[in-house]
Amino acid sequence: MPELPEVETVRRALQRHAAGLSVGSVRGHAVRLRRPLDVAGLRKRLPGRRLDGFRRRGKFLLVDLDPAGTLLVHLGMSGRLLLCDSSSPVLPHTHLTLNLGPALELRFVDPRRFGLIEWLQPGDEAHHPTLSALGIEPLDERAPRDLPPLLHVRRAPLKALLLDQRLVAGVGNIYAAEALWRAGIRPSRPGCRTALPRLERLVGEVRAVLGEAVEQGGTTIRDFASPEGNFGDFAVRLQAYGHAGEPCSRCGLAMVNDRLAGRATVWCRRCQR
DNA sequence: CCAGTATCCTGCAGGC
DNA sequence: TGCCTGCAGGATACTG
């Protein structure tokens with residue numbers, strides 16, 4: 001479940017190990033991801049291009065192959081980018097492989113196929129329907145000032161607002177639950193029924209939990225791993241997500257699991273109001 | 001416009 | 001042991 005910290009972990013690993021390398025052959029097969037994977041188009045455009053750098057916007061990874069364009073990657077639910085020795089076994093659901101040297105490959109693996117890979121021409125970023133609509137980067141220094149007022153004018157539950165990428169870019173189900181628990185705010189509380197100082201506290205906790213998770217290399221619940229194969233170490237620090245039925249680590253009351261905005265939502269009825 | 005729900009997809013856990 | 005069901009969730013199309 002790659003959210004901002006997991007994508008940032010992937011970005012850093014690729015920046016460290018793959019920046020400056022050139023793409024050789026491109027292998028893959030047309031498969032239906034969130035949109036169809038255009039292998040033929042990538043085969044035409046990628047070979048010979050240099051990986052100039054890796055950027056992140058929300059949960060999107062942007063691979064710059066200047067000046068030709070940018071490869072836009074979203075990991076969806078189960079997507080992984082792996083740096084592998086060419087001789088290493090190919091995992092099931094490997095949809096795309098970029099050769100990066102005599103024995104090095106970058107592989108995109110995505111069993112559930114909620115991911116996305118598409119080619120952006122220079123200038124496309126500003127018009128891309130999803131990319132251009134993304135909201136505030138929560139770790140940006142402007143977030144504490146800009147985000148609370150946006151939450152304050154909405155009637156939807158705060159959990160749903162945190163998950164709305166057009167408001168905040170990069171928060172998913174795990175870190176939304178954690179931030180609300182840390183802030184002591186009920187996930188179903190409407191934004192407009194929450195005092196501004198509490199919203200400021202919430203944004204602060206969103207930033208804190210994301211920042212800590214980035215430091216730990218993300219959260220591995222089932223299968224997240226960095227391109228080098230490292231697991232994220234933040235799971236042990238989760239206090240809400242995955243702890244339904246267990247005592248709240250603040251007050252001891254059993255945490256409950258509700259369904260909110262179509263998502264499992266673990267929270268404490270006593271601490272979160 | 002806004003909020004809520006169904007949908008895509010596979011793997012896995014739990015029930016019987 | 002094996003089959004079935006439901007759940008996991010990121011983005012988005014759709015409904016009310």
Side-chain angles (χ1 to χ4, degrees), chain A residues 1-11 29-37 56-62 72-81 90-96 108-118 120 128-135 137-138 149-180 186-194 206 210 213 218-225 232 234-235 238 240-245 256-267:
Chain A
M1 342 174 154
E3 304 182 29
L4 186 155
E6 291 73 40
V7 179
E8 178 63 19
T9 298
V10 169
R11 187 196 71 77
H29 49 277
V31 64
R32 237 179 49 205
L33 301 177
R34 211 161 78 212
R35 283 194 271 279
L37 178 63
R56 182 191 58 75
R57 179 79 173 92
K59 299 173 195 172
F60 285 91
L61 183 72
L62 295 125
L72 180 67
V73 180
H74 195 293
L75 300 176
M77 254 297 291
S78 57
R80 295 166 69 172
L81 282 172
V90 176
L91 290 173
H93 309 290
T94 298
H95 305 306
L96 187 71
F108 176 73
V109 184
D110 186 10
R112 282 181 227 184
R113 296 198 259 138
F114 284 10
L116 176 77
I117 294 190
E118 59 183 37
L120 302 178
H128 190 277
T130 311
L131 209 49
S132 65
L134 285 177
E137 282 291 331
L150 294 179
L151 300 172
H152 198 51
V153 297
R154 297 287 297 268
R155 250 176 297 197
L158 281 169
K159 172 98 182 296
L161 296 177
L162 290 180
L163 293 176
D164 187 342
Q165 303 298 299
R166 294 165 302 182
L167 279 177
V168 205
V171 177
N173 202 38
I174 295 175
Y175 298 109
E178 292 305 302
L180 286 159
R186 172 167 53 87
S188 61
R189 177 172 282 281
C192 62
R193 303 268 311 266
T194 313
V206 166
L210 292 176
T219 299
T220 296
I221 297 294
R222 187 163 298 152
D223 51 13
F224 170 74
F234 194 71
L238 296 177
Y241 184 90
H243 292 276
V256 293
N257 191 358
D258 283 347
R259 220 169 166 79
L260 186 67
R263 302 278 171 260
T265 303
V266 181
W267 64 291

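Because the structure is predicted, anything quoted here is derived from the model rather than measured. Side-chain atoms are counted along with the backbone in the values below, which use heavy atoms only and exclude waters and symmetry mates. In what follows, every chain begins at residue 1, and chains take the letters A, B, ... in the order their sequences are listed.
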Mind checking side chain to side chain contact (heavy atoms under 4.5 Å, CB included) for R166(A) and listing every partner two or more places apart, or none if nothing turns up?
A133(A), D164(A)
Distance check needed: dG4(B) P versus D258(A) CG, whole Å only.
14 Å
Between Y241(A) and dG9(C), is there a side-chain N or O to OP1/OP2 distance below 4.0 Å?
yes
Just the rounded figure in Å: distance from P of dG4(B) to CZ of R155(A).
10 Å
Tell me yes or no: between the side chains of T219(A) and Y241(A), is some donor less than 3.5 Å from an acceptor?
no
Return the value, rounded to whole Å, for the distance between atom CZ of R112(A) and atom C1' of dC8(B).
12 Å
I'd like to know if K59(A) pairs up with E6(A) as an ion pair, taking the criterion as any Lys NZ or Arg NE/NH1/NH2 lying under 4.0 Å from an Asp or Glu carboxylate oxygen.
no
Spacing of L260(A) atom CG relative to dA3(B) atom P, expressed in whole Å:
13 Å
Which whole-number value in Å describes the distance from H95(A) NE2 to dC8(B) C1'?
13 Å
Which residues satisfy the side-chain hydrogen bond (donor to acceptor under 3.5 Å, both in side chains) test with T265(A), sequence neighbours excluded?
K159(A)
Would you tell me if any nitrogen or oxygen in the side chain of R113(A) comes within less than 4.0 Å of OP1 or OP2 on dT10(B)?
yes
How many Å lie between CG on N257(A) and P on dG14(B), as a whole number?
14 Å
Under a 4.0 Å heavy-atom criterion, the protein footprint on nucleotides 10-16 of chain C, written with B, S and -, is BBS----
So among L162(A), D258(A), L260(A), which one has a side-chain contact (heavy atoms from CB on, under 4.5 Å) with P187(A)?
L260(A)
Value rounded to 0.5 Å, distance of CG in L131(A) from CZ in F60(A)
6.0 Å
For A264(A), which contact category applies under a 4.0 Å heavy-atom criterion: base, sugar-phosphate, or nothing?
sugar-phosphate
